[in-house]
*Asks:* 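Would you mind keeping the following structure in view while I ask a few things?
Side chains included, hydrogens not; waters and symmetry mates left out as well; all remaining heavy atoms used. Here is the naming used below: chain letters follow the sequence lines, and residue numbers restart at 1 for every chain.
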Number of protein chains: 2
Amino acid sequence: MYNLLHELPVDLGDRSYPIMIGEGMLGEYDLSGYVGGSQVMIVTNDVVGPLYLEQARDCFPGKSVDTVVLPDGEKHKDWQTLNLIFDALLEKRHTRKTTLVALGGGVVGDMTGFAAASYQRGVPFIQIPTTLLSQVDSSVGGKTGINHPLGKNMIGAFHQPEAVLIDTDTLQSLPPREVSAGLAEVIKYGLIRDAAFLDWLEQAIDPLVARDNQALAEAIFRSCACKADVVAQDERENGLRATLNLGHTFGHAMETFAGYGNWLHGEAVGTGMIMAADLSAREGSISQDDYDRIVRIVSRASLPAWPPTNMTPADFMNLMAVDKKNVDGRLRLVLLRSVGDAVVTSDASPENLAATLKAFCRQ
Amino acid sequence: MYNLLHELPVDLGDRSYPIMIGEGMLGEYDLSGYVGGSQVMIVTNDVVGPLYLEQARDCFPGKSVDTVVLPDGEKHKDWQTLNLIFDALLEKRHTRKTTLVALGGGVVGDMTGFAAASYQRGVPFIQIPTTLLSQVDSSVGGKTGINHPLGKNMIGAFHQPEAVLIDTDTLQSLPPREVSAGLAEVIKYGLIRDAAFLDWLEQAIDPLVARDNQALAEAIFRSCACKADVVAQDERENGLRATLNLGHTFGHAMETFAGYGNWLHGEAVGTGMIMAADLSAREGSISQDDYDRIVRIVSRASLPAWPPTNMTPADFMNLMAVDKKNVDGRLRLVLLRSVGDAVVTSDASPENLAATLKAFCRQ
């Protein structure tokens, strides 16, 4: 029997959807009410598929379920792999009434979501995220897409799911490095808009790293609630939603420099948040104590605190200039106004930015 | 000096946009008011580019204009060619505030629109259609996309342009076969919802084939007004908009059978409309005289009245089953209730459909 702990509504008008969080959900919870037609295509990868694909099938009683298994990894978040989904849909003659299901981490979710946004100009989809990172971040909010050799997530769409099913049991099979990567995004929510949550995280960080189910369920719920609140206020990222990108501009530059997949997204965000905190301190928004506190919790989550060894300030500047958070050529960054409050700004002084890059680059 | 003959509003709430129809517009009409940022990327092909690219640049005074030239033809309406647009945007560091401009026929318009829908999860675009078909059909209504080896337009998005600029002068350089292909869609509007327009077309068909500017401008305006009215009522094709697909289910099967690009889309639609009219007559909705009248006007537009010689009824059935107009496995077709009134229906008798296919297939 499953144990549904939280049902969280994401309020987006006629594109609203629920997030179900619980234990023992896979294989037990009936999702067929979220499927409009008779056809379902479950998309997973060759790591998650062997563990959970048969259980996921059982969530759709009475439906005609086909499956497609993609190669695992960020390096496969490309057109060639996306096209395997279209091939399967067309070979199995899925109509405009089909429903896609993403079973896996952020890469599977982003690609399945973009396939759903684009197949026959748009079909519905359901998210079943199986990593901590995708549970607290990429499964909420409707951002979908693939990478381009010249930039991450450069090709995609906004496409909201019909429902998100989060089973905390799936986290027990996750490598420790991926748990830490997910915690980077969890910490982010505390930093950008919930100081009380950050206080809680400082108490709970060791149980979280040790994968205590109780602590994980609470962290996922509060993170999803935070993100759902932001997305409901600014679905298309015209303002507030951009604060969710704390650490991401530095982070994307590191991921691109290291080559897709060598750094986990959450690892790059962890280091990126420390760099953003350093710049915020140089700008006088937060104190040195605040900065130290941020370094400490990121490090306690077993996340890296330094960019790739051979990366230079020039590498950062070059790679950040194509980051999509730029508007009309001005470099926009998310900085902290205080612990628990972030702002998107183009006002950081070039000197302080240069000082931060110099402080973190060992070349 | 340009001569703006019509400005037609397409009413889609906050996605509304105008269609400007006139003579001497390219190079003279100022479109920079429809560009939100400072960057413009004009996408064209290697046939249209040499004729009109420099003039199109002049429509954007004060903007930073880059260009990308794609290989011409339906066979290039694929991911590889689409990616040339993304490559150019990223190499030239176009931000989320860029505006794409489609300069060419339906293929350039569909690909540029899908690139705009997908680049950084969506940027604005402007249509400058240069063929009769794209002026009366694909530039109105926001359907964008590319082909997949297993089906036409299977990957795409609904994405509305900021504005559409139609310069009738561009039709003077068009091959006669493409004028006829455009006239197929013009005739379609008369058949599905405007009997008076069909009466007018029967008077004007010879001047239209002879490319009389006065007749063409009127035909484009009335066609766009008809399509804009349909799209305003049913943007996402939940009902009424599907009647615009008269002849398209048969037509897509012929295009796929012949290999993309061997039959022009409008040619396949011309034959497809005759087949749909034949089935409508067998179903008792229109008279034999109505059917003869439809065959006559399609033929006077120099359009083919027969499918590819070696195509069989089984080929039709097989290729129509993957057509996206199917819902839950039932074959849906657009049929005529009378001349000037179409309906989307799954009710055509299998026997009558078989008889129509048998009558038109010579194998």
Side-chain angles (χ1 to χ4, degrees), chain A residues 36-39 64 78-80 82-83 85-98 110 113-115 117-123 142-159 236-238 242 318 321-332, chain B residues 36-39 64 78-80 82-83 85-98 110 113-115 117-123 142-159 236-238 242 318 321-332:
Chain A
S38 60
Q39 294 174 306
S64 167
D78 57 14
W79 174 262
Q80 283 71 26
L82 182 73
N83 209 34
I85 305 175
F86 296 131
D87 289 345
L89 288 165
L90 286 163
E91 281 161 10
K92 298 290 174 67
R93 302 201 164 184
H94 280 242
T95 69
R96 290 167 66 175
K97 291 281 185 188
T98 188
D110 283 7
F114 187 41
S118 306
Y119 185 61
Q120 303 207 15
R121 299 195 193 94
V123 299
K143 283 190 179 180
T144 73
I146 57 174
N147 296 328
H148 183 281
L150 296 176
K152 253 180 80 76
N153 295 320
M154 283 290 153
I155 302 163
F158 285 95
H159 193 54
R236 306 285 297 198
E237 194 167 325
N238 295 311
N318 191 41
V322 294
D323 189 280
K324 66 183 167 301
K325 264 73 73 185
N326 298 302
V327 174
D328 282 333
R330 301 178 66 192
L331 185 58
R332 300 180 82 211
Chain B
S38 61
Q39 296 174 306
S64 167
D78 58 14
W79 173 261
Q80 284 71 26
L82 182 73
N83 209 35
I85 305 175
F86 296 131
D87 289 345
L89 288 165
L90 286 162
E91 280 160 11
K92 298 291 173 66
R93 301 199 167 188
H94 280 243
T95 70
R96 290 167 64 175
K97 292 281 185 188
T98 189
D110 283 7
F114 187 41
S118 306
Y119 185 61
Q120 304 208 15
R121 301 196 192 91
V123 299
K143 282 191 181 181
T144 72
I146 57 174
N147 296 328
H148 182 282
L150 296 177
K152 252 180 82 76
N153 294 319
M154 281 291 152
I155 303 163
F158 285 94
H159 193 56
R236 306 283 299 199
E237 195 169 322
N238 295 311
N318 190 42
V322 296
D323 188 280
K324 65 182 167 302
K325 262 73 74 184
N326 297 302
V327 174
D328 282 333
R330 300 178 66 192
L331 186 60
R332 299 180 82 210

*Asks:* Anything under 30° is parallel, anything over 60° is perpendicular, the rest tilted; go ahead and classify B/H148 against A/F86.
*Replies:*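 B/H148 vs A/F86 ring planes: perpendicular.
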
*Asks:* Give me the atom names and distance for the closest heavy-atom approach of B/L150 to A/D87.
*Replies:*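 Closest approach of B/L150 to A/D87, heavy atoms only: CD1-O, 4.3 Å.
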
*Asks:* Are the side chain of A/R121 and the backbone N or O of B/T144 linked by a donor-acceptor pair below 3.5 Å?
*Replies:*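 Yes, the answer is positive, given that a donor and an acceptor are paired below the 3.5 Å cut-off.
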
*Asks:* When rounded to the nearest 0.5 angstrom, what is the spacing between CE in A/M154 and CZ in B/R96?
*Replies:*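 That separation rounds to 10.0 Å.
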
*Asks:* What is the distance from atom CD1 of B/I155 to atom CG of A/L82, rounded to the nearest 0.5 Å?
*Replies:*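 Reported value, rounded in 0.5 Å steps: 7.5 Å.
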
*Asks:* Out of curiosity, A/Q120 CD to B/E237 CD, how far, rounded to the nearest 0.5 Å?
*Replies:*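 If I round to the nearest 0.5 Å, the distance is 10.5 Å.
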
*Asks:* Does any heavy atom of chain B fall under 4.5 Å from the side chain of A/L89, the backbone, both, or neither of them?
*Replies:*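 Contact with chain B is absent: no heavy atom of A/L89 under 4.5 Å.
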
